Q: 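Here it is, the structure, as structure tokens.
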Amino acid sequence: MITFMNNSDSEEEPCNERTSLMSAESPPVPSYQDGLQASEAGEVQAHRKRRTGSSRGPSNTADGDVSDMGVPVRESTAENEEEELTLKYGAKHVIMLFVPVTLCMIVVVATIKSVRFYTEKNGQLIYTPFSEDTPSVGQRLLNSVLNTIIMISVIVVMTVFLVLLYKYRCYKFIHGWLILSSLMLLFLFTYIYLGEVLKTYNVAMDYPTLFLVIWNFGAVGMICIHWKGPLQLQQAYLIMISALMALVFIKYLPEWSAWVILGAISIYDLMAVLCPKGPLRMLVETAQERNEPIFPALIYSSAMIWTVGMAKPDTAARGSSHQTWDAAEDRRDNHRSPSHADSQMSETRSPIPTRPITSFEEEESKERGVKLGLGDFIFYSVLVGKAAATASGDWNTTLACFVAILIGLCLTLLLLAVFKKALPALPISITFGLVFYFSTDNLVRPFMDTLASHQLYI
Amino acid sequence: PMGTDMAQTRHRCQQMLSLSHRAFFWLVSLLLSSLIWFIAVKASDPRDEPLQRGLLIFGVMFSVLLQEVFRFLYYKLLRKAIEGLVALSEDGCSPISIQQMAYVAGVGFGLMSGAFSMINLLADSLGPGTVGIHGDSQLYFLTSAFMTMVLIFLHTFWGILFFHGCEHRRWWEIAAVVVMHLAVSGSTFCNPMYVGSLVPSYSLMAITAVWAYLLSGGSAQNVRRFLLCKS
């Protein structure tokens with residue numbers, strides 16, 4: 001799911017049991033989505049932990065709640081301006097999301113191409129019990145469809161479970177689950193990854209050093225994600241976590257199942273976010289009813305910092321709001337974490353009715369960011385990684401899928417600017433990605449190979 | 001200051017966006033042309049060498065024409081986008097000029113084309129092997145690199161020329177771009193006689209560079225001033 005930060009009157013991202021990575025939040029605020037995945041993962045073995053969630057919704061609703069206060073006052077004067085600004089900054093948002101998505105994909109492709117471990121078939125996940133080593137094509141297709149059905153139903157069940165947990169306020173449970181899940185991801189999976197990379201490059205490392213490195217990495221990650229930390233470090237951890245998750249998916253999903261699952265996930269995403277009875281939609285509505293600042297779990301946010309630029313040039317506006325803003329700015333400088341930004345936002349927004357709106361609007365929109373769920377990162381990377389792993393060693397296919405996904409993301413952001421509500425980020429990109437993968441692999445590759453062998457250029 | 005700052009970031013962002021859109025358009029054109037070629041090949045006899053070669057030539061020419069068609073479509077799209085931006089902006093003038101868009105579009109096209117040509121070669125060059133062991137030219141990698149470079153530059157300049165021609169309704173400029181593209185692609189049929197392909201391509205590139213420079217408002221005086229480091 002994809003959405004504007006302070007532009008939320010809609011739902012969030014489908015939280016499937018995917019990663020339980022949160023873009024950090026204040027501990028008191030429960031991040032149920034992550035928790036869901038975390039506990040889910042914690043149950044079985046390590047490899048169960050491939051659920052990655054993408055829940056963008058919660059933070060949106062928080063923003064939405066806050067912005068609702070200012071809306072009535074705003075509407076009359078600045079609606080048009082708001083639209084213009086939104087569209088103008090659309091380009092900036094797109095770039096802000098291009099970079100992390102690209103980084104995540106680069107990490108995944110680089111690992112796939114160099115570390116053999118992630119392309120070896122070493123068994124399957126418990127969610128895809130049917131094997132694809134069948135003699136006939138029809139049987140294989142049937143097995144992959146069955147695998148997909150099982151996987152998607154597990155995801156739906158987990159999401160509904162999450163919604164129920166949230167409805168009945170089992171915050172502690174969710175929070176604990178979340179922490180457990182991110183612990184596993186940050187420590188265990190990193191250990192495995194590091195081990196494989198060291199093996200590939202034949203680098204020797206002793207256990208004490210390894211322990212030190214992993215401990216530091218994991219501990220800082222836990223702090224950054226669950227508590228406070230510099231925004232960029234948080235973003236970096238989220239990207240790494242998404243890449244790790246995607247690698248696990250790529251390794252343990254059989255080929256045809258992976259493609260069918262990708263297609264099915266984007267359809268599910270579409271339905272869960274847009275249908276009135278979709279679990280995610282219900283989640284957001286519940287959160288909005290309770291007026292709770294939802295934990296932006298499993299969300300990558302591009303711009304959470306309200307810089308000192310917030311000190312508006314409009315001196316007349318200072319007036320009564322000066323006090324609040326100074327305090328907010330101080331806190332901002334000290335803490336710079338999304339949750340604080342959220343709370344600051346609520347603080348700074350309260351003076352809205354007492355002063356001219358337009359200047360505030362401009363300041364605000366300058367710092368607007370976009371949020372993208374981690375599940376989106378993961379599935380984009382799975383698509384590109386699978387293309388890199390299985391496209392007969394061809395880089396053109398990988399490049400084509402990469403461009404297709406970026407263009408899909410672009411289109412989704414454009415739609416976001418037009419509709420101004422949370423949208424599913426998977427369908428368009430995944431569709432483009434799949435179309436380009438299959439067509440490039442089967443049509444363009446022989447053409448380009450023939451051209452290259454004769455050294456012809458088009 | 002904040003206003004101009006915002007404008008500049010927007011500017012850059014839009015340029016990068018344009019690059020990626022461009023890449024996408026090129027990709028689609030490549031896809032369609034490979035589809036046609038693929039169908040033609042499957043429908044024909046694979047053992048008939050001259051026929052296969054003829055089909056390949058046809059595929060190349062068709063692909064070139066399709067690329068130019070997509071360049072035109074992209075121009076149309078950009079036109080609409082710029083009109084939209086102008087409508088939205090406060091002072092009625094667009095933050096991005098069509099020339100800048102033309103340049104970025106050309107670069108995007110060129111980069112995508114270059115990437116697709118070179119990336120597999122680069123990946124293979126990392127691995128063990130001997131160039132030209134079966135009697136082919138030993139300069140394969142080197143000439144591929146030069147050819148790709150010249151194509152990328154050419155795409156950039158063609159972008160400028162093409163957009164300029166579309167803007168000012170000078171159809172002969174557009175026709176010139178198409179003819180040049182066909183000529184360059186056609187010259188690669190001389191490979192491995194690299195004299196026949198590299199030399200004309202580079203001279204065409206020089207001509208196009210000067211032409212594009214003049215069209216973008218440059219002049220001999222500017223060059224002199226730049227070279228002599230006068231302000």
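Keep in mind that what you see is a predicted model, and the values were worked out from it rather than measured. Per chain, numbering begins at 1; letters A, B, ... match sequence-line order.
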Q: If you count the non-hydrogen atoms of other residues, nucleotides and ligands that lie under 6.0 Å from OH in Y103(B), is the total more than 12?
A: no
Q: So among L27(B), L31(B), L35(B), which one has a side chain to side chain contact (heavy atoms under 4.5 Å, CB included) with V444(A)?
A: L31(B)
Q: Report which part of L406(A) has an atom under 4.5 Å of a heavy atom belonging to chain B: side chain, backbone, both, or neither.
A: neither
Q: Nearest 0.5 Å please: distance from the CG atom of L65(B) over to the CD1 atom of I458(A).
A: 11.5 Å
Q: Check whether any side-chain heavy atom of M448(A) lies under 4.5 Å from a side-chain heavy atom of N120(B), and answer yes or no.
A: no
Q: Can you tell me how far CD of Q455(A) sits from SG of C190(B), rounded to the nearest 0.5 angstrom?
A: 11.5 Å
Q: Does a sphere of radius 6.0 Å around CZ in F146(B) hold more than 12 heavy atoms from other residues, nucleotides or ligands, not counting ones at 6.0 Å or beyond?
A: no
Q: For the candidates S144(B), S33(B), S197(B), which exhibits the highest count of non-hydrogen atom pairs separated by less than 4.5 Å from chain A?
A: S144(B)
Q: Determine whether a donor-acceptor pair (N or O, by modelled atom type, separation under 3.5 Å) exists between the side chain of S34(B) and the backbone of F447(A).
A: no
Q: Using non-hydrogen atoms and a 4.5 Å limit, figure out which bit of M61(B) sits close to chain A: side chain, backbone, both or neither.
A: neither
Q: More than 12 heavy atoms of other residues, nucleotides or ligands under 6.0 Å from CD of E83(B): is that the case?
A: yes
Q: Which value, rounded to the nearest 0.5 Å, describes the distance between L411(A) atom CG and H21(B) atom NE2?
A: 6.5 Å
Q: Within a 6.0 Å radius of atom CZ on F70(B), are there more than 12 heavy atoms belonging to other residues, nucleotides or ligands?
A: yes
Q: Going by heavy atoms in the side chains, are M112(B) and L399(A) under 4.5 Å from each other?
A: yes
Q: To the closest 0.5 Å, what do you measure between OG (S185(B)) and CG (L451(A))?
A: 9.0 Å
Q: For T143(B), is it the side chain, the backbone, both, or neither that has a heavy atom closer than 4.5 Å to a heavy atom of chain A?
A: both
Q: Find the distance between OG1 (T188(B)) and OH (Y457(A)) and round it off to the nearest 0.5 Å.
A: 8.5 Å
Q: Return the option, out of N396(A), L443(A), V403(A), with the maximum number of heavy-atom pairs under 4.5 Å with chain B.
A: N396(A)
Q: Walk me through whether F436(A) and V28(B) qualify under side chain to side chain contact (heavy atoms under 4.5 Å, CB included).
A: CA-CA 9 Å; F436(A) 271 84; V28(B) 175; 3.8 Å; yes
